[in-house]
Amino acid sequence: DGGITQSPKYLFRKEGQNVTLSCEQNLNHDAMYWYRQDPGQGLRLIYYSQIVNDFQKGDIAEGYSVSREKKESFPLTVTSAQKNPTAFYLCASSGHLNQPQHFGDGTRLSIL
Amino acid sequence: SQQGEEDPQALSIQEGENATMNCSYKTSINNLQWYRQNSGRGLVHLILIRSNEREKHSGRLRVTLDTSKKSSSLLITASRAADTASYFCATDASGDDKIIFGKGTRLHILP
């Protein structure tokens, strides 16, 4: 079955630590996205990528970094510079930008 | 940045009734999408309506778009318990290369 896989489902970070969230898709989509969702809120765009080896900052990129070395993979690193990282992180993909997006089931990040 | 805004924020109705949610936005768009999110899960795309379309149907879903009022509505007919979820609109502004999600409407279907 085609889809998007995010791992892990739950992640805990210690103060000062970087953590990396995994996102893999087998839909052969060019575009991939990372969103942050806080309780009762909508989605805010962190980073997006139109194509391999290219990505752009979204609305809240500070404290985050990404890479797009393979079409299937778009990992997100939450750095120690992100002072309020506790949130639900969602990865998505689409054939091209602005086409309907397919979402993974998210990673919930908490601070120890 | 532009954002679709859903109304109401929360809605509770009896099973079998119709549910209507609205979305307003600020600038010209290419298209508008509706998504559903079950608790603790990712979003699922429901329907996309283009700026030159006025109405679209998909099963029990009916979406309308009024570009003169910069608003859209999502109607779910004959609601079921499984429709309990949050519903988000997402707009694609003309000339922009990304879509913006609203804060969502939380729909609760009462048995």
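Quick caveat: nothing in here was measured; it's all calculated off a predicted structure. Chain A is the first sequence line, chain B the second, and so forth, proteins listed ahead of strands; every chain is numbered from 1.
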**Message:** For L48(B), which atoms come within 4.5 Å of any heavy atom of chain A: side chain, backbone, both, or neither?
**Reply:** side chain
**Message:** By the side chain to side chain donor-acceptor pair (under 3.5 Å) test, which pairs, at least two apart or in different chains, include something from residues 12-22 of chain A?
**Reply:** T20(A)-T77(A)
**Prompt:** Is there side-chain contact between Q25(A) and M32(A), with at least one heavy-atom pair below 4.5 Å?
**Reply:** yes
**Prompt:** What residues of residues 31-47 of chain B sit under 4.5 Å from chain A when you count only heavy atoms?
**Reply:** N31(B), Q33(B), Y35(B), Q37(B), G40(B), R41(B), G42(B), L43(B), H45(B)
**Asked** Roughly how far, to the nearest 0.5 Å, is the CZ atom of R62(B) from the CD atom of E55(B)?
**Response** 4.0 Å
**Prompt:** Checking R108(A) against chain B: side chain, backbone, both or neither under 4.5 Å from a heavy atom?
**Reply:** side chain
**Request:** Can you tell which part of Q37(A) gets under 4.5 Å to a heavy atom of chain B, answering side chain, backbone, both or neither?
**Result:** side chain
**Message:** A side-chain contact here means heavy atoms from C-beta on lying under 4.5 Å apart; do K56(B) and L65(B) qualify?
**Reply:** no
**Message:** Looking at K9(A), I'd like to know if its NZ atom is crowded, meaning that more than 12 non-hydrogen atoms belonging to other residues, nucleotides or ligands lie closer than 6.0 Å.
**Reply:** yes
**Asked** Knowing that exactly one of H29(A), Q99(A), E24(A), Q101(A) qualifies, which makes a side-chain hydrogen bond (donor to acceptor under 3.5 Å, both in side chains) with S93(A)?
**Response** H29(A)
**Message:** Can you list everything that forms a ring pair (Phe, Tyr, Trp, His ring centres under 6.0 Å) with Y35(A)? Sequence neighbours excluded, please.
**Reply:** F103(A), F101(B)
**Message:** Exactly one of Y33(A), F55(A), Y48(A) should register a side-chain contact (heavy atoms from CB on, under 4.5 Å) with V66(A). Which one does?
**Reply:** F55(A)
**Message:** A side-chain contact here means heavy atoms from C-beta on lying under 4.5 Å apart; do I51(A) and R68(A) qualify?
**Reply:** no
**Request:** Taking the side chain as every heavy atom from C-beta outward, state whether Y64(A) and Y47(A) have any atom pair closer than 4.5 Å.
**Result:** yes
**Prompt:** Do K98(B) and L97(A) have side chains that get closer than 4.5 Å, going by heavy atoms?
**Reply:** no
**Prompt:** When only heavy atoms count and the cut-off is under 4.5 Å, which of residues 75-82 of chain B reach chain A?
**Reply:** none
